[in-house]
Amino acid sequence: MTDIRTGHIPAADLNLETSMGCGQIFGWDRRGKTYFGMIGSTAVGIRQEGDRIVFVTESGLDRSRIVSYLGLDVDLGQILKSITRDSFMKRVVGSVRGLRLLKQEPWPCLCSYIISANNRVERIDTIVKQISRELGTRHVVDGEEVYCLPEPGVLAGCAESGLRSCGTGFRAPYLLGAAAMVSDGVIDFDAIAGMPTGEARDLLKTVHGVGDKIADCVLLFAFSRYETFPVDVWIKRAVQIKYFDSGEVKPDEIRRFGQEYFGEYAGYAQEYIYHYAREHGLE
DNA sequence: TCTCAGGCACTAT
DNA sequence: ATAGTGCCTGAG
C-alpha cells in the first residue's frame with residue numbers, strides 16, 4: 001500500500017461539489033473549499049482546483065482508491081451518451097456537468113441508507129455525522145478533525161438509547177441489526193462484491209430495515225452495479241410524469257422500466273433524473 | 001397543529 | 001399477492 005499524504009488527480013470531467021452534494025453520499029464535511037471525510041479507515045481532505053482534484057490523506061491510502069472513490073475510472077461521456085435516449089434525457093443530461101457516481105465504502109453506505117428511510121437528505125447527513133462523533137473514532141488530517149462511523153462490531157455493542165439520541169428514531173434497531181449481521185459475517189461485503197446483482201440484492205434485503213430501494217442504493221453506490229435503478233419518490237414521480245402519462249405506477253414496475261429502458265447504466269440515468277427533478281422540478 | 005420527508009415492516013384482506 | 005397504516009423527528 002502506497003503511503004500518500006498529498007497529491008493531485010486530473011479530473012477535467014468531474015464536478016466535485018455536485019457529486020458530493022447531490023444526495024448520493026453522506027457524512028462528508030465541507031470546510032471552505034475542502035471536503036473532509038473517510039475513505040475506509042483513512043481520513044481524507046479533497047478539493048477541486050479547476051481541472052484537477054487535490055487531496056490530503058492520513059497515511060495508508062492507495063491513490064487508486066481515491067480515483068475509484070470519485071468515480072473517475074469510468075468513461076462518463078460514453079455513459080451519458082448511452083442514457084440520452086430521448087429529448088427529456090437530453091435536457092436532463094445537459095443540465096449539469098461532471099456529476100459522477102461515487103464508489104462508497106459498503107458499511108457507511110448501508111448505514112446511511114438505512115437512516116435515509118422516510119428522512120430528509122440534510123437530516124440523513126446530520127445523523128450520520130452525529131453517530132460518527134458520538135460513537136465513532138476521531139481522526140486528524142491536515143490539522144482537521146474527522147470522525148469515522150463506528151465499525152460494525154463496535155456499533156453492534158452500542159446501546160439502542162445511545163443510537164436514538166443521535167436522532168435515528170425507529171431506525172435504531174435496524175442499524176443495530178445490520179451491525180450485528182455484518183460483524184457476524186452473515187452479511188459479507190467481500191462475498192457480495194462477487195455475487196450476481198440479484199443474489200446480492202436478496203441478501204441485503206434480509207437486513208431488517210432494508211427493502212428494494214435501500215438494497216438498490218447500496219448496490220449502486222457501493223458496489224458499482226450501474227444497472228440498478230433505485231426508485232424513490234422523486235424518481236417515481238419523474239418517471240410517471242415523463243414516461244407513463246402521469247398515471248400511477250407501482251415502484252417495482254418503475255424499477256423494471258428504468259432498467260430496461262436505460263440499460264447497462266440505468267443507475268446513472270437515475271442519478272441524473274433525481275438531480276434534475278430536485279433542482280428544476282418537473283413542470 | 002399538521003403535514004411531510006429519497007421506506008419499511010406489519011397486518012388484514 | 002396486495003393495499004392500508006404507523007413510525008422517530010424536526011422543519012415549514
> Under 4.0 Å, counting only non-hydrogen atoms across every strand here, what does A/R171 touch: a base, just sugar-phosphate, or nothing?
base

> What pairs of residues pass the ring-ring contact (aromatic ring centres under 6.0 Å, His included) test when at least one of them lies in residues 96-141 of chain A, not counting sequence neighbours?
A/F26-A/Y113, A/Y113-A/F221

> Using the P atom as the point on both nucleotides, what is the distance between B/dT11 and C/dC8, in whole Å?
15 Å

> Got a list of protein N/O to nucleotides 10-12 of chain C N/O distances below 3.5 Å?
| from | atom 1 | to | atom 2 | distance (Å) |
| --- | --- | --- | --- | --- |
| C/dG10 | N2 | A/R120 | NE | 3.2 |
| C/dG10 | N2 | A/R120 | NH2 | 2.5 |

> From CH2 of A/W234 over to C1' of B/dC4, roughly how many Å is that when rounded to an integer?
12 Å

> Considering only NZ, NE, NH1 and NH2 on the basic side and carboxylate oxygens on the acidic side, decide whether A/R255 and A/D212 come within less than 4.0 Å.
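Looking at A/D212 together with A/R255, the answer is no, because their closest N to O distance does not fall below 4.0 Å.
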
> I'd like to compare against my own output: the B/S/- annotation of nucleotides 8-13 of chain B with a strict under-4.0 Å heavy-atom distance to protein.
SSS---

> Does anything in residues 240-267 of chain A reach DNA chain B, meaning a heavy atom under 4.0 Å, and if so which residues?
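Contacts with DNA chain B under 4.0 Å: none.
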
> Can you tell whether the side chains of A/R123 and A/D125 come within less than 4.0 Å, N to carboxylate O?
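Answer for the salt bridge query: no.
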
> Would A/F244 and A/F257 satisfy ring-ring contact (aromatic ring centres under 6.0 Å, His included), going step by step from the backbone distance to the final call?
CA-CA 10 Å; A/F244 286 86; A/F257 165 80; 5.3 Å; yes

> Over all strands shown, is A/C166 touching base, sugar-phosphate only, or nothing at heavy-atom distances under 4.0 angstrom?
nothing

> So what does A/E271 hit on the nucleic acid, given a heavy-atom distance under 4.0 Å: a base, only sugar-phosphate, or nothing?
nothing

> Suppose the criterion is salt bridge (Lys or Arg N to Asp or Glu O under 4.0 Å): which pairs have a residue in residues 224-234 of chain A, not counting sequence neighbours?
none

> Less than 4.0 Å between a side-chain N and a carboxylate O, is that true for A/K103 and A/D73?
no

> Nearest whole angstrom, please: distance from the P of C/dT9 to the CD of A/E122.
18 Å

> Name all pairs fulfilling the salt bridge (Lys or Arg N to Asp or Glu O under 4.0 Å) condition that reach into residues 11-23 of chain A, sequence neighbours left out, sorted by first residue then second.
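Only A/D13-A/R97, A/E17-A/R30 qualify under salt bridge (Lys or Arg N to Asp or Glu O under 4.0 Å).
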
> Nearest whole angstrom, please: distance from the C1' of C/dC8 to the CG of A/L175.
12 Å

> Name all residues meeting the side chain to side chain donor-acceptor pair (under 3.5 Å) criterion together with A/E160; count only those two or more places apart in sequence or in a different chain, and write none if there are none.
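A/R164.
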
> May I ask you to say what A/V233 touches in the nucleic acid, namely base, sugar-phosphate or nothing, with a heavy-atom cut-off under 4.0 Å?
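Sugar-phosphate, backbone atoms only, no base.
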
> Show me the dot-bracket string of DNA chain B, counting Watson-Crick or G-U pairs under 3.5 Å, with | for pairs to another strand and [ ] for crossing ones.
.||||.|||||||

> Applying ring pair (Phe, Tyr, Trp, His ring centres under 6.0 Å) between A/W28 and each of A/Y69, A/Y35, A/Y147, report the one that passes.
A/Y69

> Roughly, in whole Å, what's the span from CD1 in A/I124 to P in C/dC8?
18 Å

> Quick check on A/E144: does its CD atom have over 12 non-hydrogen neighbours (other residues, nucleotides or ligands) under 6.0 Å away?
yes

> Considering only Ile, Leu, Val, Met, Phe, Trp and Tyr, and joining two whenever side-chain heavy atoms are under 4.5 Å apart, list the other residues clustered with A/V54.
none

> To the nearest Å, how far apart are A/R201 CZ and B/dG7 C1'?
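Value for this atom pair: 13 Å.
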
> What's the CZ-C1' distance between A/F26 and B/dA5, to the nearest Å?
12 Å

> What pairs meet the ring-ring contact (aromatic ring centres under 6.0 Å, His included) rule with one or both residues in residues 151-184 of chain A, with sequence neighbours excluded?
A/Y174-A/H208

> Once salt bridge (Lys or Arg N to Asp or Glu O under 4.0 Å) is applied, what residue pairs with a partner in residues 104-120 of chain A remain, sequence neighbours excluded?
A/R65-A/E105

> In the hydrophobic cluster built from side-chain contacts under 4.5 Å, what are the other members alongside A/V56?
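Members besides A/V56, by chain and number: A/F36, A/M38, A/V141, A/V146.
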
> Can a donor-acceptor pair under 3.5 Å be found between the side-chain atoms of A/N118 and the base atoms of C/dC8?
yes

> Rounded to the nearest angstrom, tell me the gap between atom CG in A/N119 and atom C1' in C/dC8.
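Answer to the nearest Å: 9 Å.
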
